[in-house]
Amino acid sequence: EADIYQTPRYLVIGTGKKITLECSQTMGHDKMYWYQQDPGMELHLIHYSYGVNSTEKGDLSSESTVSRIRTEHFPLTLESARPSHTSQYLCASTRRNEKLFFGSGTQLSVL
Amino acid sequence: DAKTTQPPSMDCAEGRAANLPCNHSTISGNEYVYWYRQIHSQGPQYIIHGLKNNETNEMASLIITEDRKSSTLILPHATLRDTAVYYCIVRAGGAGGTSYGKLTFGQGTILTVHP
């Protein structure tokens, strides 16, 4: 079983609020990723990190930001949430190239 | 990374084998075939991967054609819990590089297992 956790599982918030989606893994993986997925649509990579103090933007442009201060923690922040940010956000990690472990996701709704 | 083509949907009777095809005619020599699945509202789950030999694990079997231009994921005895979107992904393997671990998910195949 994968030991990667995302909180909250569901979040409903008003426009303009600052939010942080949490992602933690206890497997000692150095590589972590954030994907975004709209209902019935493809997953898109928005951020990734290859280790502490390393963050890069993914293939899909996103107004969110990430940080990687500790190996096990990779939070995603939206400074001012908008309805267009409504989506599912999925966190993943890996040590090797072959196998990504995904969290259960955070379903974000911005009103 | 090579592009993959999968049927948008498939049906399977419970207890029967589910055979999910994937075409990847532009695959190059150092690219692996990965399979993931996503059950509704959950994060994707790794199933299996291979380079050129057939592979089997506790979840499924992966059959790769000799020319590596296509592959088939086999769930030998499908259950209702196998209903999910199945993604076939082709990408270079090995350590390092700027694409390390990054996966491009397409539309996948929606597999529905019927009682």
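Here the structure is a predicted model, which means the values were calculated and not measured. Residue numbers begin at 1 in each chain, while the letters A, B, ... track the order of the sequences.
Residue L103(B) holds its CG atom at 9.5 Å from CG of L43(A), rounded to the nearest 0.5 Å. Going from atom CZ of R9(A) over to atom OG of S41(B) covers 6.5 Å, rounded to the nearest 0.5 Å. The NE2 atom of H44(A) lies 11.5 Å from the CZ atom of F105(B); values are rounded to the nearest 0.5 Å.
Heavy-atom neighbours of I13(A) CD1 from other residues, nucleotides or ligands within 6.0 Å: above the threshold of 12. More than 12 non-hydrogen atoms from other residues, nucleotides or ligands lie less than 6.0 angstrom from CG of L80(B).
Looking only at side-chain heavy atoms (C-beta outward), H49(B) and K99(A) stay at 4.5 Å or farther from each other.
In this structure, L11(A) is a member of the same hydrophobic cluster as V66(A), with clusters built from ILVMFWY side-chain heavy atoms closer than 4.5 Å. Under the 4.5 Å side-chain heavy-atom criterion for ILVMFWY residues, no single connected hydrophobic cluster contains both V12(A) and L76(A). Clustering ILVMFWY residues whenever any of their side-chain heavy atoms sit less than 4.5 angstrom apart, transitively, puts V113(B) in a cluster other than the one holding I74(B). With hydrophobic clusters built from ILVMFWY side chains whose heavy atoms lie under 4.5 angstrom apart, I89(B) does not share a cluster with M41(A). Two different hydrophobic clusters hold I63(B) and W35(B) under the rule that ILVMFWY side chains link at heavy-atom gaps under 4.5 Å.
Neither the backbone nor the side chain of Q107(A) comes within contact range of chain B; no heavy atom of the residue lies under 4.5 Å from a heavy atom of that chain.
For Y46(B) and F102(A), the distance between ring centers is not under 6.0 angstrom.
Taking 4.5 Å as the heavy-atom cut-off, the residues of residues 79-91 of chain A that approach chain B are Q88(A), L90(A), ordered by number.
Per-residue heavy-atom pair counts under 4.5 Å with chain A were compared for Q42(B), H40(B), Q107(B), Q45(B), and the maximum is reached by Q107(B).
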Dump the intermediate steps for side-chain contact (heavy atoms from CB on, under 4.5 Å) on Y34(B) and L100(A), then the final yes or no. CA-CA 11 Å; Y34(B) 296 83; L100(A) 287 188; over 6 Å; no

